[in-house]
Amino acid sequence: MRDVEGGASTVTEMLRSDGRSRRARLGQGLGDWLKSIAIAFGLFLLIRATVVEAFKIPTSSMEGTLLVGDFLLVNKAVYGARIPGTSIDLPAFAEPERGDVIVFHPPHEPEKNYVKRLVGLPLDTLEMRDKQLFLNGAPVWEPYARHVDDAGDAVHPDMEWQSHHLIAGPPRGYHPTRDNWGPIVVPDGRFFVLGDNRDNSEDSRYWGFVTRDQIRGRPWVVYYSYVPARPSESTGFPLVRWSRLGTVIR
């Protein structure tokens, strides 16, 4: 009997020990899994903040370069990026150049992301005459620019800020319009941007210059695009613009 009772006690203890071991292995496995998820999520946030991020085009200000419903991958490392939660800035691979399409925080809405084309660098002189852009006195060839409004020029009171940056100082009676303004000088450390859809773009003409630290990155490629449904249309599967997938942005 003692041998039998002693054997049963040993088996019970072995079963308990095995159960504790399984629970320990399960807990360790769960901990390792959660740790891997946390590391992967942290790497994702770091890459999103410093290397590449996805953006969606909500307005028509860059048509026909970018369309409403385009989803972009933006290279955030090219102009340098800040490591989240620190004051450390990563080195830039390039500086913004004229003709670049850039993503930036506009001065009047710093919490939002805008996409425009950079047309003026620090100390450039810019002017527009009858929709034609002039850079340092010479007309600019802009095959990407689009003009869709044939009804005539437009006046906007927000453009009066330009009078403080005119090349000859603020004259009397300066009344800039959408299609005729300047010549203005871009201050040192500032940049001037325009939408490619010139007649339907809220850009530097209206709210002023962009600073270097407001520039976040350069759009790289369209990874998805669809035709947004109109309010009167029935909802359903979106119409994908297959031909735009993989389009490199220039």
Side-chain angles (χ1 to χ4, degrees), residues 55 57-68 70 72 74 78-79 94-110 112-167 174-220 249-250:
F55 289 89
I57 298 299
T59 71
S60 62
S61 68
M62 284 295 291
E63 290 186 353
T65 305
L66 299 172
L67 305 179
V68 178
D70 280 353
L72 317 176
V74 175
V78 62
Y79 300 136
E95 284 299 310
E97 298 181 356
R98 295 188 199 92
D100 284 355
V101 178
I102 62 172
V103 173
F104 61 94
H105 293 310
H108 66 302
E109 292 184 305
K112 292 187 177 181
N113 294 303
Y114 276 34
V115 181
K116 306 290 181 186
R117 191 176 297 273
L118 196 159
V119 300
L121 298 180
L123 306 182
D124 278 346
T125 298
L126 297 172
E127 182 180 7
M128 186 170 282
R129 305 178 208 155
D130 296 327
K131 301 181 185 290
Q132 171 65 60
L133 181 67
F134 288 79
L135 170 66
N136 299 325
V140 182
W141 183 63
E142 297 184 290
Y144 42 76
R146 182 180 182 185
H147 302 281
V148 296
D149 185 4
D150 297 326
D153 204 351
V155 179
H156 199 289
D158 287 351
M159 299 180 71
E160 296 296 334
W161 68 269
Q162 296 180 10
S163 62
H164 301 288
H165 299 275
L166 291 169
I167 191 169
Y174 176 68
H175 299 294
T177 63
R178 182 192 64 194
D179 303 333
N180 294 274
W181 48 267
I184 63 174
V185 179
V186 182
D188 193 17
R190 300 292 191 271
F191 300 83
F192 196 95
V193 297
L194 292 174
D196 286 355
N197 189 2
R198 295 290 161 80
D199 296 341
N200 189 25
S201 173
E202 182 189 347
D203 47 41
S204 285
R205 290 173 291 184
Y206 305 101
W207 38 252
F209 306 107
V210 177
T211 61
R212 177 63 178 85
D213 59 358
Q214 290 171 331
I215 299 176
R216 299 194 60 195
R218 186 167 64 196
W220 168 41
I249 301 163
R250 304 184 186 279

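Numbering of residues begins at 1 and proceeds along the displayed sequence.
- Minimum heavy-atom separation, S60 to N200: OG-ND2, 2.8 Å.
- A donor-acceptor contact shorter than 3.5 Å links the side chain of S204 to the backbone of V193.
- Contacts classified as ring pair (Phe, Tyr, Trp, His ring centres under 6.0 Å) and involving residues 137-157 (residues at least two apart or in different chains) are given here: H156-Y206.
- Partners of D213 by side-chain contact (heavy atoms from CB on, under 4.5 Å), not counting sequence neighbours, listed by chain and number: T211.
- Here the shortest heavy-atom pairing between P107 and P110 reads O-CD, 3.8 Å.
- Applying the side-chain contact (heavy atoms from CB on, under 4.5 Å) rule to E127 yields the partners R129, F134, P183; only residues at least two apart in sequence or on another chain are considered.
- Here the side chains of R216 and V74 are not in contact, with every heavy-atom distance at 4.5 Å or above.
- For residues 183-195, no pair satisfies salt bridge (charged side-chain N to carboxylate O under 4.0 Å, His left out), with sequence neighbours left out.
- Residues N113 and H105 meet the side-chain proximity criterion, which asks for heavy atoms closer than 4.5 Å.
- Checking side-chain atoms of D100 against main-chain N and O of E97 turns up a donor-acceptor pair under 3.5 Å.
- Of the possible donor and acceptor atoms, none in the side chain of D179 sits under 3.5 Å from a partner among the backbone N and O of D130.
- Within the structure, the salt bridge (charged side-chain N to carboxylate O under 4.0 Å, His left out) test picks out the following pairs touching residues 148-160 (sequence neighbours left out): D149-R178.
- With a 4.5 Å cut-off on side-chain heavy atoms, W207 and Y114 count as touching.
- In this structure, G120 and L126 approach most closely via the heavy-atom pair CA-CD1, 3.9 Å.
- The main-chain N or O of G195 is found under 3.5 Å from a side-chain atom of D203 such that the two form a donor-acceptor pair.
- Checking each of R198, E63, M62 against R146 for a side chain to side chain contact (heavy atoms under 4.5 Å, CB included) leaves exactly one that passes, namely E63.
- Side-chain contact check for F191 versus F209: every heavy-atom pair is 4.5 Å or farther apart.
- A pairwise comparison of heavy atoms in P96 and I215 identifies CG-CD1, 3.8 Å as the closest pair.
- The two residues P219 and G217 come nearest to each other via the heavy atoms CD-O, 4.1 Å.
- Summarising the geometry of D199 relative to V148, their closest heavy-atom pair is OD2-N, 2.9 Å, with the distance given to 0.1 Å.
- You'll find the side chain of I57 stays beyond 4.5 Å of the side chain of L67, heavy atoms only.
- The side-chain contact (heavy atoms from CB on, under 4.5 Å) check on Q162 picks up M159, Y174, P176, W181, I184, R205, with sequence neighbours excluded.
- Side chain of R117 to backbone of L194: no donor-acceptor contact under 3.5 angstrom is found.
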